[in-house]
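This report refers to the structure that appears directly beneath it.
All chains are named by letter (A, B, ...) in the order of the sequence lines, taking the proteins before the strands, and each is independently numbered beginning at 1.
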Amino acid sequence: MNPIKKDPLDGLNPSQVEAVKHFTGPLLILAGAGAGKTRVITHRIAYLIEGLGVMPYEILALTFTNKAAGEMRDRAERIIGDNARKVTLATFHSFCNHLLRREIRSLKEYSENFSIYDDADARRCVKEILKELDRPMTGSHAPARIVDAISRSKNFATSPSALLSSFDPLAEEIDEIFKRYEARLVENNAMDFDNLLGKTLELLDGCAETRDRYRRRYQFILVDEYQDTNRVQYELLRRLCPPDGNITVVGDADQSIYGWRGADIGNMTSFERDFNNVAVVSLEQNYRSKQNILDAANALIAHNAGPREKRLWSALGPGDPVMFHLAWDDSSEAQFIVDEAGHLLDEGYRLEDIAVLFRTRAQSRPLEDAFIRAGLPYLIIGATEFYKRKEIKDAIAYLRVVDNPRDMVAFARIANEPKRGLGPKSLEKIESAAREAGSLIGISEDAAAASKQFPAKAAPLIGALRRLHGLRGSVPVPELVRAVLEDTGYYSYVERMDKQEGVSRAENLEEFFKLAHEYAKEASKPTLEGFLSKVSLVSDSDVADGDESRARMLTLHSAKGLEFPVVFIVGLEEGMLPHGNALGDADGDREERRLCYVGATRAKELLYLSACKGRMTRGVACNNDISRFIMEIGPDRFKMLEGARGGARPGESFFDTAPGGGSDEAVERSPAIRLGGADADDFSREPVDDDYSTPRRASSKKSAASRRGFDSDRFDGVDEEIVREKCGFRAGDKVEHKVFGTGRVVSFKGDEICVAFENIGIKRLSARYAPLVKID
DNA sequence: CTTCATTAGCTTTTT
DNA sequence: GCTAATGAAG
């Protein structure tokens, strides 16, 4: 028994109450940024159950990310307790995945243990097909591009060639490649992300009985981020809900930023057309940001043509003006942010209050450098690398083959990992044998032994896979996972790998086992398929959270739905934001503007925008104009900020007006350039080199960044002597730092070494990892 | 068949 | 500045 913890109508404004209390029939909620969208959905779920007597299992709530789904469930649970768990609350993809696993019989060519293919798997398929067709795989025929074209065509529900210019050399062949790709998926009993949606639609269309069953089951449907639905998702909603059904969609056309992926804002207007008597509620009061921030955001978005459905307002007061800083180059832009962050910390903000938003992932690098140098811990959201790690992908591939022995993409990945002497030639033979036998484990031992064609070296692997496949269902998932990796020899192979490499990989595998345990604990009916689905459908932004005291770094896209007291948006330059690929295209331009709008509206108290006159892109210097978005917001809305080292003035050109001093100065500030330059040798000593040459994605707890930056706190109290011994420095030593120049060692504290640098001042650095060299 | 080294190609955003 | 693919040598 769970008492109502809270009245679902408590603390809502009149529009929100109207949205929450709406009972039957379609409802369209136009919710501006920060207007309490998630709040309305969760409270509506609560009210339907507690106030209107709807059964929890009759409710289907769909989101785009696992994170949003989880958050919604948490919040609903806080209002109504355990009943919230019985609501079907899922992403579109995971909902479809579940439906398919249950109903797949209706699609004869698939069985319920189908694999889910990610982009990399899809590319591999395309590559094989190109090889088959003897076509090139470069330029216009790059597998990634083809996969992209195929995916877009599915999202737009059209043929791939229809979306290509007729001049595209690919246009002629793409449909054929597409056909073979689909056939290959079927052969492998696999679905790509798009097919999870598409096949579900197909299934519901092909079987009225199933469709009606789901319609009866889900009397109430709620859709979050409705503006991001694509054609297929829209059609799915129409299958699941009759025209006068109880469907509530919540969206904001101004936050539509996934048009490139097939999201169709047209679905907002289609909704009123295709569903009957649609009620509309508009939420305009913003509970997140100070008015100055909203004014800037409103001014920006006003430049997108079309009627303004709403104008955000806030009762939180004007707040500080939005700030703008023009930096010399990307590293001084990053330095500006670090300096500013320092001030903010002095003022009482915490690191986790601060978010730095950028357009492209590549922009994180200089920021990371600056944060590392300053010893400020940060977290890159969305760079989960965990599931992209080789050992994890291998482990998943093993499991996939065991679960679905038709999955030849997974098999190709692991056949020779560890080395079993199975090269491409052997692989081909195994594949054709598998095709003949129906699946890998269908290859009979006798037939294989009899055939001179069949590589004998493959027999043990196939045997192990067959045996493990048989254990499916009778052995608990975590044990099965371990058995798969141990019995195939993969685990010991990883363990035996040389030194650090092997250790961190084995650690990651242990982490993976832990995931399996967690899954088994929380799933009502754990299965290998369930576990695989789970790991296949996690998105990058799902993991990153936690209340760790770190600044956040993330793309504008992954910022949607989040909020932070302080937001920096960097790189407001033509070609960057708006991005070069969107220039010259009116739709693209508008979407870029919305992207910037989304970023700006993430800020609660302080919003900083910055641009730089020049930046390094792909190792090449280039200079950009200040983004049109800055002009559109209007100069009088900004407080202009100078950086510690002086900002550049508008109109001044970066690399060409200052060929001598100017660019040299810039080069000196950029560690990346120095590293590649002549004095790289100076830093080739092991710990030093390691620190700066290894990839610096900070998402992993084991990254160099995290070790130096903050974990050091935990070593407080470590004997000073040990530290001294470890790093070989003593107080008074003159040292040189790759970035900070020369200085003198002042003292030690825990794992940290304090150094007084000539121009910079005293810095606390990690004794073990700081790139310090003793000089005479 | 494997391993190592060099090179080409590329980076917008992601369930 | 990175990954993945290709090529040469073991």
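Atom CD in A/Q255 sits about 16 Å away from atom C1' in B/dT13, given to the nearest Å. If you measure from atom CD of A/E591 to atom P of B/dT14, you get 12 Å, rounded to the nearest angstrom. For the pair A/L595 CG and B/dT14 P, the interatomic distance rounds to 10 Å; values are reported in whole Å. Here B/dT13 presents its C1' atom at 18 Å from CZ of A/R593, a figure rounded to the nearest Å. Atom-to-atom, NZ of A/K67 to P of B/dT14 comes out at 13 Å; the value is rounded to the nearest Å. Following rounding to the nearest Å, A/R261 (CZ) and B/dT13 (P) show an atom-to-atom distance of 12 Å. Across the protein-nucleic acid pair, A/R123 atom CZ and B/dT11 atom P stand 9 Å apart, rounded to whole Å. Put simply, CG on A/D118 is 11 Å from C1' on B/dT15, counting in whole angstrom units.
With sequence neighbours left out, A/F114 forms a ring-ring contact (aromatic ring centres under 6.0 Å, His included) with no residue at all. Partners of A/S533 according to the side-chain hydrogen bond (donor to acceptor under 3.5 Å, both in side chains) rule, which considers only residues two or more places apart in sequence or in another chain, are A/N97, A/R101. Considering only residues two or more places apart in sequence or on other chains, A/S536 meets the side-chain hydrogen bond (donor to acceptor under 3.5 Å, both in side chains) condition with none of them. Partners of A/S627 according to the side-chain hydrogen bond (donor to acceptor under 3.5 Å, both in side chains) rule, which considers only residues two or more places apart in sequence or in another chain, do not exist here.
Nucleic acid contact for A/L422: sugar-phosphate only, since backbone atoms but no base atoms lie under 4.0 Å from a heavy atom of the residue. Using a 4.0 Å heavy-atom cutoff across all strands shown, A/F193 reaches at least one base atom of the nucleic acid. Within the nucleic acid shown, A/Y258 comes within 4.0 Å of sugar-phosphate atoms alone, with no base atom in reach, counting heavy atoms only. The residue A/S426 sits close only to the backbone: its heavy atoms come under 4.0 Å of sugar-phosphate atoms, none of a base.
Residues A/Y258 and A/H557 place their aromatic rings such that the two centres sit under 6.0 Å apart.
Where DNA chain B pairs in unbroken runs of 3 or more (Watson-Crick or G-U, both distances under 3.5 Å), the stems are B:1-9 with C:2-10.
Place A/K457 and A/D119 on DNA chain B by their nearest nucleotides, and A/K457 ends up nearer the 5' end. Remark on DNA chain B: of its neighbouring residues A/R145 and A/H557, the 5'-side contact belongs to A/R145, judged by nearest-heavy-atom nucleotide.
Of the candidate nucleotides B/dT15, B/dT13, B/dT14, B/dT13 has the atom lying nearest to any side-chain atom of A/T360.
Comparing C/dA4 with B/dT13, their P atoms are spaced 16 Å from each other, to the whole Å.
Applying the 4.0 Å criterion to OP1 and OP2 of B/dT14, one finds that A/T555 has a side-chain N or O inside that range. Contact check, A/R365 against C/dC2: a side-chain N or O comes under 4.0 Å of OP1 or OP2. For A/N416 and B/dT2, the shortest distance from a side-chain N or O to OP1 or OP2 is below 4.0 Å.
Side-chain N/O atoms of A/Q233 and A/E235 include no donor and acceptor closer than 3.5 Å.
Aromatic ring orientation, A/Y519 versus A/F531: tilted (interplanar angle from 30° to 60°).
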Check residues 260-267 of chain A and write down every donor-acceptor pair under 3.5 Å in which the side-chain atom is one partner and the other belongs to a residue at least two apart or another chain.
unit_1: A/W260; atom_1: NE1; unit_2: A/I257; atom_2: O; d: 3.1
unit_1: A/D264; atom_1: OD1; unit_2: A/G266; atom_2: N; d: 2.8
unit_1: A/N267; atom_1: ND2; unit_2: A/T229; atom_2: O; d: 3.0
unit_1: A/N267; atom_1: ND2; unit_2: A/T229; atom_2: OG1; d: 3.0
unit_1: A/N267; atom_1: ND2; unit_2: A/N230; atom_2: O; d: 3.4

